[in-house]
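These notes are about the structure you will find just below.
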Amino acid sequence: MELLDVDKLIEEFESMTKDAGNVQRQTLKKILEENGCAEYLQNLGLNGRTDPESFKACVPLVTHNDLQPYIQRIVDGSSSPILTGKPITTISLSSGTTQGKPKFVPFNDELMETTLQIYRTSYAFRTREFPIENGKALQLIYSSKQSKTKGGLIAGTATTNVFRNSQFKNTMKAMQSQCCSPDEVIFGHDFHQSLYCHLLCGLIFREEIQFISSTFSHSIVHAFRTFEQVWEELCADIREGVLTSRITFPSVRSAMAKLLKPNPELADLIHKKCLGLNNWYGLIPELFPNVKYIYGIMTGSMEPYLKKLRHYARDLPLISADYGSSEGWIGANVNPNVPPELATYVVLPDIGYFEFIPLKENVEEAKPVGLSEVKVGEEYEVIITSFAGLYRYRLGDVVKVTGFHNLSPELKFICRRNLMLTINIDKNTEKDLQLAVEAASKLNTEEKLEVLDFSSHVDLSTNPGHYVIFWEISGEVREEVLEECCNCLDRSFVDAGYVSSRKINAIGPLELRVVQRGTFQKILNHYVGLGAALSQFKTPRCVGSTSNEVLQILCNNVVKSYFSTAF
Ligand code: AMP
């Protein structure tokens with residue numbers, strides 16, 4: 001297997017972004033030529049035109065809901081060209097953790113190719129800064145089951161569809177990023193068992209591991225939190241060369257048996273290293289002496305896990321992975337030495353046609369602008385036109401343009417647009433919530449207060465309604481401290497609508513509900529039970545009353561609640 005030519009990849013990227021405007025026009029032309037015969041486009045009267053002006057004049061902006069009837073016909077097995085020229089044979093289930101239930105979106109070879117293209121692009125830039133040797137990677141990746149839809153299409157989460165594609169493995173090899181775990185582990189039917197085996201494989205190949213990765217960095221934090229619970233069991237397995245009886249799937253057991261040999265020296269070494277750590281600080285470099293960096297999406301709803309990740313990683317670089325969605329990819333992280341809090345993503349102008357709705361103006365009237373027309377410092381909602389049958393599709397993400405790489409914009413992920421705490425005139429986004437939680441959890445560092453995870457809810461059953469913040473915490477924290485945290489949360493929502501409503505009691509005092517340890521694990525299990533993959537899991541930061549079961553899990557596990565006295 002030939003390794004990728006990093007210089008060539010960078011050169012190609014540079015020349016493409018220098019001509020971003022033209023490349024966008026060409027990309028739109030290609031998408032419309034390939035799919036012009038699809039019923040959806042036929043009905044819009046483009047009549048073969050492929051220029052951006054006609055496209056914008058004929059094709060409406062849509063949400064997933066608008067496309068649902070078309071997608072449903074595809075799912076049900078209609079083989080006529082509905083959204084794409086070539087029939088869709090695979091469906092992705094989006095993670096569903098941002099909106100409560102998984103959505104179906106089309107997946108095809110072109111989407112697969114753009115996925116690999118973005119992987120290769122950021123790999124090239126990463127490798128230039130942080131070269132890796134030809135070793136292995138501890139990739140904490142999981143693949144949910146692929147099923148068949150009523151109409152006979154293959155359906156799985158987007159990551160599952162990618163991991164199961166034969167090209168994925170080849171590209172990983174060419175990127176010196178081969179997963180140290182066997183396929184049976186990645187594709188195991190129980191993610192707890194897969195996670196345990198990933199950790200075990202990592203330890204067996206500890207000297208060869210070059211980096212640790214996952215799709216979203218939550219999975220890395222989750223894995224090492226689990227390691228804290230199971231490390232002695234892992235050591236015992238290595239000592240005896242026999243896999244714990246907890247792993248029950250025969251295919252996983254036999255794949256692991258091929259790797260696991262009695263190795264008391266290694267078991268002793270790991271045991272000693274674990275005992276020598278203070279509160280698991282620096283666990284990753286201790287276990288994996290040749291790791292060069294940690295890699296996974298770390299921005300947006302993953303930011304709250306950075307503190308814990310740094311704790312485990314000590315001084316290892318944390319590199320945020322690229323920006324995309326089940327619907328399509330958007331941008332690559334080409335500045336890997338920037339800390340994740342400042343990570344930006346350069347739009348790849350040939351992987352889709354992109355438009356941006358300015359958020360400064362009145363939303364109803366705001367006209368989307370093209371990739372070359374965005375302004376630095378402004379926020380936009382992203383609109384995707386993809387090679388997989390989505391045309392002018394509102395992704396629902398808010399990004400800020402921080403600059404340009406050649407002529408292609410660099411985007412900072414801000415938040416999901418529809419995740420919002422609102423009761424009357426107040427508007428608080430996921431980002432506002434994250435900042436409030438950050439401020440409150442920093443209040444009293446001597447207390448060793450650690451917010452393991454959090455979510456929120458608007459409680460309208462009280463009059464007036466009020467915000468509820470759920471916290472799962474570790475450490476012994478005094479009542480007075482939590483009362484102060486609750487006040488701090490309330491004060492940290494600085495949105496003028498919120499503050500003024502609070503002052504006149506049009507919004508009631510914020511409530512902090514502390515939930516039992518393990519509550520967020522139950523939520524994760526709930527989503528995995530629904531068919532979501534752990535790889536794409538994002539803790540729902542705002543639970544609406546439509547996500548009834550998740551709200552029930554949270555409410556059933558409350559151990560203590562506090563009301564703010566800040567106003
Ligand atoms: P999924 O529904 O699993 O396809 O997740 C896609 C969503 O994850 C995107 O619409 C974003 O909201 C979020 N996301 C993906 N990549 C990033 C990133 N690099 N930074 C922040 N959020 C991201």
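Counting starts at 1 for both ligands and their atoms, in listed order.
Where the criterion is an N or O separation shorter than 3.5 Å, residue side chain and backbone included, Glu327 fails it with respect to ligand 1. Annotation: Arg416 places an N or O atom under 3.5 Å from an N or O atom of ligand 1; distance criterion only.
The closest approach between a heavy atom of Asp322 and any atom of ligand 1 is below 4.0 Å. The closest approach between a heavy atom of Ala158 and any atom of ligand 1 is not below 4.0 Å. The shortest heavy-atom distance from Lys538 to ligand 1 is under 4.0 Å.
Neither the backbone nor the side chain of Thr157 has a heavy atom within less than 4.0 Å of ligand 1. When heavy-atom distances to ligand 1 are checked against a 4.0 Å cut-off, Thr299 comes that close through both its backbone and its side chain.
The heavy atom nearest to atom 21 (C) of ligand 1, considering only Phe216, Tyr345, Phe413, is found in Phe413.
Using a cutoff of 4.0 Å between basic side-chain nitrogens and carboxylate oxygens, Glu438 and Lys431 are not scored as salt-bridged. Using a cutoff of 4.0 Å between basic side-chain nitrogens and carboxylate oxygens, Glu450 and Lys307 are not scored as salt-bridged. Salt bridge Arg417/Asp397: absent, no basic N to carboxylate O contact under 4.0 Å.
Between Tyr323 and Tyr345, the ring-plane angle classifies as tilted under the 30° and 60° cut-offs. The aromatic rings of His218 and Phe537 lie tilted to each other, with the angle between the two planes from 30° to 60°. Ring planes of Tyr312 and Phe224: tilted class, angle from 30 to 60°.
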